[in-house]
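Step one of this worksheet: look at the structure below.
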There are 2 protein chains.
Amino acid sequence: MSDTITDLSISALADLSGVSIDTLRYYERANLFVRPVRRDEAGRRRYGERDVIWVQFVTRLRATGMGITTIAEYTRLARLGEATNPERLALLEEHREHVVEKLRETQASLDAISYKIAEYERKVADL
Amino acid sequence: MSDTITDLSISALADLSGVSIDTLRYYERANLFVRPVRRDEAGRRRYGERDVIWVQFVTRLRATGMGITTIAEYTRLARLGEATNPERLALLEEHREHVVEKLRETQASLDAISYKIAEYERKVADL
DNA sequence: GCTTGACCTGGAGTGCACTCCAGGGTCTAT
DNA sequence: ATAGACCCTGGAGTGCACTCCAGGTCAAGC
């Protein structure tokens with residue numbers, strides 16, 4: 001049994017999360033961390049398992065197009081504790097709607113592209 | 001029976017396609033039109049049905065994340081005639097792969113977000 | 001004890017896709 | 001013949017999300 005992840009360096013977190021070192025520092029400046037990032041005696045960042053999970057979730061939000069300021073707002077609510085659960089829920093639900101809609105649009109565009117591809121396939125096959 | 005669309009002004013095309021006037025001019029500068037845009041005696045742009053269809057397809061490519069320079073490359077091939085059909089086909093097929101992959105990723109992120117939403121729903125319902 | 005490598009900070013720079021602006025022309029209706 | 005709507009050009013500006021840089025600190029290995 002391995003111990004819980006603790007005291008990761010910024011490069012270790014970068015490797016683990018796929019988010020670059022510079023971007024991790026940028027996220028911190030943009031207030032995307034719920035609690036201040038821990039530091040060691042020398043002032044270097046130390047991340048724990050919760051940070052890893054959090055960064056992975058932020059990556060999901062980013063991958064679906066949520067902007068940095070909206071994530072910062074969500075994080076702000078999280079800092080305020082359980083009382084903001086309904087607001088956080090509402091924020092995520094609204095975002096989900098956006099994502100579902102964008103997924104639909106992308107699928108429609110994909111269909112149009114596939115149709116075009118089929119045309120080219122016919123032409124290239126010399127029909 | 002209505003005639004085929006012809007001689008649309010830039011604002012008419014903007015309304016029809018959902019692409020702004022400025023963006024249409026920008027696309028032209030970026031060489032995203034296969035043939036030079038027609039002008040009237042006063043030098044104003046006049047678009048026909050083929051332009052409408054083309055702009056709509058460009059919008060599909062943009063909506064799925066194809067960059068301006070790649071669309072310009074595709075357009076360049078189109079200008080060279082039927083001989084480039086295989087290359088155009090390959091370009092679109094490669095793009096389709098990207099889109100399908102991105103769709104998969106977005107769906108995975110959506111699932112993660114939905115999972116989080118379900119958590120909040122439980123918490124908010126006071127369980 | 002000195003090099004090497006990872007890390008720090010504040011701030012500047014980048015790439016992308018628009019979007020806006022100044023200054024000017026033209027067409028139509030009053 | 002004058003106002004107002006629409007269009008033109010070249011070029012500057014914007015917003016976003018990073019990404020890079022200079023100059024410096026610190027710990028570990030040789």
Side-chain angles (χ1 to χ4, degrees), chain A residues 6-33 36-48 51 54-75 95 98 102 105-106 109, chain B residues 6-33 36-48 51 54-75 95 98 102 105-106 109:
Chain A
T6 182
D7 291 333
L8 290 179
S9 70
I10 193 166
S11 62
L13 177 56
D15 288 349
L16 217 68
S17 66
V19 176
S20 81
I21 290 174
D22 274 312
T23 299
L24 286 171
R25 289 198 276 242
Y26 164 69
Y27 282 177
E28 192 177 333
R29 285 198 232 191
N31 272 303
L32 301 197
F33 284 88
V37 172
R38 223 169 349 107
R39 304 294 184 117
D40 66 11
E41 324 72 47
R44 286 168 302 197
R45 293 168 178 82
R46 291 299 157 200
Y47 301 96
D51 295 313
W54 178 249
V55 169
Q56 281 166 351
F57 187 61
V58 167
T59 300
R60 295 304 201 181
L61 295 178
R62 287 292 307 117
T64 49
M66 185 181 283
I68 298 294
T69 56
T70 305
I71 301 176
E73 167 65 8
Y74 177 67
T75 309
H95 180 59
H98 288 151
K102 204 185 164 193
E105 274 182 37
T106 302
S109 294
Chain B
T6 181
D7 292 332
L8 289 178
S9 70
I10 194 167
S11 61
L13 177 56
D15 289 349
L16 217 69
S17 66
V19 176
S20 81
I21 290 174
D22 273 313
T23 300
L24 286 171
R25 288 198 276 242
Y26 165 69
Y27 282 178
E28 193 178 332
R29 284 197 234 192
N31 272 304
L32 301 198
F33 284 88
V37 172
R38 225 169 348 107
R39 304 295 183 116
D40 67 11
E41 322 74 45
R44 284 168 302 198
R45 293 168 176 83
R46 292 298 156 199
Y47 301 96
D51 295 314
W54 178 248
V55 168
Q56 282 166 351
F57 187 60
V58 167
T59 299
R60 296 302 200 181
L61 295 177
R62 288 292 305 116
T64 49
M66 185 182 283
I68 298 295
T69 56
T70 306
I71 301 177
E73 168 65 8
Y74 177 68
T75 308
H95 181 58
H98 288 152
K102 203 185 164 192
E105 274 183 36
T106 302
S109 294

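Heavy atoms only: backbone and side chains are in, while hydrogens, waters and symmetry mates are out. Remember, predicted model here, so these are calculated numbers, not experimental data. Every chain is numbered from 1 and lettered A, B, ... according to where its sequence line falls, protein lines coming before strand lines.
- Side chain of A/Ile68, nearest nucleotide from C/dA6, D/dA17, D/dC8: D/dA17.
- The side chain of B/Arg62 lies closest to C/dA17 when the candidates are C/dA6, C/dA17, D/dA17.
- Nearest heavy atoms, B/Thr64 versus B/Leu61: OG1-O, 2.9 Å.
- Taking atom CG of A/Leu24 as the reference point, atom P of C/dC7 lies 11 Å away to the nearest angstrom.
- Relative to the side chain of B/Arg44, the nucleotides D/dC7, D/dC18, C/dC18 differ in distance, and D/dC7 lies closest.
- A donor-acceptor contact under 3.5 Å is formed by the side chain of B/Arg29 with the base of D/dG11.
- Using a 4.0 Å heavy-atom cutoff across all strands shown, A/Arg25 reaches at least one base atom of the nucleic acid.
- The CG-P distance, from A/Asp40 to D/dA28, rounds to 10 Å in whole Å.
- Using a cutoff of 4.0 Å between basic side-chain nitrogens and carboxylate oxygens, A/Arg46 and A/Asp51 are not scored as salt-bridged.
- Nearest-nucleotide assignment on DNA chain D puts the 5′-proximal partner with A/Met66, out of A/Ala42 and A/Met66.
- At C/dC18, none of the side-chain N or O atoms of B/Ser20 fall inside 4.0 Å of OP1 or OP2 (strictly under the cut-off).
- Ring geometry, A/Tyr74 versus A/Phe57: the interplanar angle falls from 30° to 60°, so the pair is classed tilted.
- Across the protein-nucleic acid pair, B/Glu28 atom CD and C/dT19 atom C1' stand 17 Å apart, rounded to whole Å.
- Residue B/Tyr27 places at least one side-chain N or O under 4.0 Å from the OP1 or OP2 atom of C/dC18.
- The nearest pair of heavy atoms linking A/Glu28 to A/Tyr47 is OE1-OH, 4.1 Å.
- Which of D/dC7, D/dC18, C/dT19 sits closest to the side chain of B/Ile21 comes down to D/dC7.
- Residue B/Ser9 has no polar side-chain atom (N or O) positioned under 4.0 Å from OP1 or OP2 of D/dC6.
- Comparing atom distances between the B/Tyr26 side chain and each of C/dA6, C/dA17, C/dC20 picks out C/dA17 as nearest.
- Taking every heavy atom of both residues into account, B/Tyr27 and B/Val58 meet most closely at CE1-CG1, 3.9 Å.
- For the pair B/Gly65 and A/Asp22, both in contact range of DNA chain C, the more 5′-proximal nearest nucleotide belongs to A/Asp22.
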